[in-house]
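This report refers to the structure that appears directly beneath it.
The residues of the chain are indexed from 1 along the displayed sequence. Owing to the predicted nature of the structure, the values given are computational and were not obtained by experimental measurement. We count ligands from 1, going down the list as the structure has it; atoms in each ligand are counted the same way.
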Amino acid sequence: MKVGVPTEVKTDEYRVALTPAGVRELVDAGHAVYVQSGAGEGSAISDEAYVAQGATIVPDADAVFGEAGMIVKVKEPQLEEIARLKPHHTLFTYLHLAADEALTHGLMESGATCIAYETVEDARGRLPLLAPMSEVAGKIATQAGAFMLEKPLGGRGILLGGVPGVAAANVIVIGGGVVGMNAAFIAVGMEATVYVYDRNIDRLRELDIAFGGRADTCFASTLQIEERLPDADLVIGAVLVHGAKAPHVITREQLGLMKRQAVLVDVSIDQGGCFETSHPTTHSDPTYEVDGITHYCVANMPGAVPITSTYALTNATMPFVVDLATRGVHDAVANNPGLKLGVNVAAGEVTYAPVADAVGLQPVDVDTALAGVPAGA
Ligand SMILES: NC(=O)c1ccc[n+]([C@@H]2O[C@H](COP(=O)([O-])OP(=O)(O)OC[C@H]3O[C@@H](n4cnc5c(N)ncnc54)[C@H](O)[C@@H]3O)[C@@H](O)[C@H]2O)c1
């Protein structure tokens, strides 16, 4: 298989989908790897480091898409990239389609087989390719929230951990999964007063043990969240219903219950956002204000720390990349039910039900759709 790695083109995105370690694994397995010149630069990986492990450097994205049958990326394809996708391509990357109808239609029209990192599952129903970036995003969420609470940045002007004689800030984390747990751990480490909300009671039990009393766990009913909002300095939204559009856990009306210049960090923004007033922002311009509440809604938070994120991501994706390249998409998917769940679009059809539901289409069975994918893809 010919595997291609383009430079990421989303605003402020510095990660790359394959490291020299990944090139080595693929080349040792008999594959050819085409890396766009400069693709690793943002993550401090030189072209020479890829070449040393057997990659071929090509000058531009056209050459990557032209040479390769399988394209590995980090972020969802941008317009110029969708235009390069053909039916023989297998695209392996984050997609977050439930939040993006236009992208869904673009990928359907391309005819490519599009496998989303964020819906691949392991044998226990967890999300092994989302988890490493959720760990990073969770940790950044608290750092960013603490920073945005500073007065010169438009925040309330409160220090997360307080000082002797002055109370700490109150941090509310809604959604206690991978993002939420990591966000809460950093908040606890900064000595804030922390409350973690979730609707899954078993998850709350696990968190209760993990925090050992250093954070309170709470059931995420509308009323219980509403009752806590007047005390909140920082609210981190981190809910996820696998592959689906995020539910709104704070409405615009409820902003009125909060202190002015409190901060909302919506990590779930890549799935459409879990606060009614959220819309995606970038690292260059990360916040905006609604009704006196600062909103931070950066859709690619881990992109800000590429040296950590690139390695965390590729450690998790690499075995799947090698398997897809070695078996081809039909065989790889047939052999791994968790990978099969990653197939969101194939042969012009949406194959992942929560995405189809979010964009108003009928899902098509993965095997039926894959039957229309050219052999050898
Ligand atoms: N913005 C970014 O850069 C970035 C980076 C990584 C992950 N994310 C996103 O962060 C979100 C969370 O990811 P994760 O890996 O922690 O997911 P996860 O599945 O590990 O955790 C989600 C949690 O939300 C809980 N939940 C679902 N509905 C809820 C509700 N109505 N109220 C309260 N809790 C609810 C679930 O029980 C679960 O514990 C996802 O949308 C993911 O795509 C964003």
Nearest-neighbour protein heavy atom for atom 37 (O) of ligand 1, which is reported as residue plus atom name and distance
Asp198 OD1, 2.6 Å

Considering only heavy atoms, which of Ile201, Thr281, Asp270 lies nearest to atom 41 (O) of ligand 1?
Asp270

Which one holds for Arg126 and ligand 1: side chain close, backbone close, both close, or neither close, with close meaning a heavy atom under 4.0 Å?
neither

State plainly whether the residues Glu13 and Arg15 are in salt-bridge range, i.e. N to O under 4.0 Å.
yes

Nearest protein heavy atom to atom 2 (C) of ligand 1, by residue and atom, and its distance?
Ala299 O, 3.5 Å

Should the proximity of Val298 to ligand 1, defined as any heavy atom under 4.0 Å, be assigned to the side chain, the backbone, both, or neither?
backbone

As an exercise, identify every atom of ligand 1 less than 4.0 angstrom from a heavy atom of Asn300.
3 (O)

With the threshold set at 4.0 Å, does a side-chain nitrogen-carboxylate oxygen contact exist between Asp202 and Arg205?
yes

Taking a cutoff of less than 4.0 Å between a non-hydrogen atom of the residue and any ligand atom, is Arg199 in contact with ligand 1?
yes

To the nearest 0.5 Å, atom SG of Cys114 lies from atom CD of Glu76 at 12.5 Å

Atom 16 (O) of ligand 1 [closest protein heavy-atom partner, distance rounded to 0.1 Å]
Val179 N, 2.8 Å

Residues two or more places apart in sequence or in another chain: which of them pass ring-ring contact (aromatic ring centres under 6.0 Å, His included) with Tyr34?
none

Does any N/O atom on Val178 come nearer than 3.5 Å to any N/O atom on ligand 1?
yes

Just let me know how Ser268 lines up against ligand 1, side chain, backbone, both or neither, with a heavy-atom cut-off below 4.0 Å.
both

Among Leu127, Val239, Leu204, Thr222, which one has a heavy atom closest to atom 26 (N) of ligand 1?
Val239

Yes or no: does His96 have any heavy atom under 4.0 Å from an atom of ligand 1?
yes

Note: Lys2-Glu67 ion pair, threshold 4.0 Å (strictly below)
yes

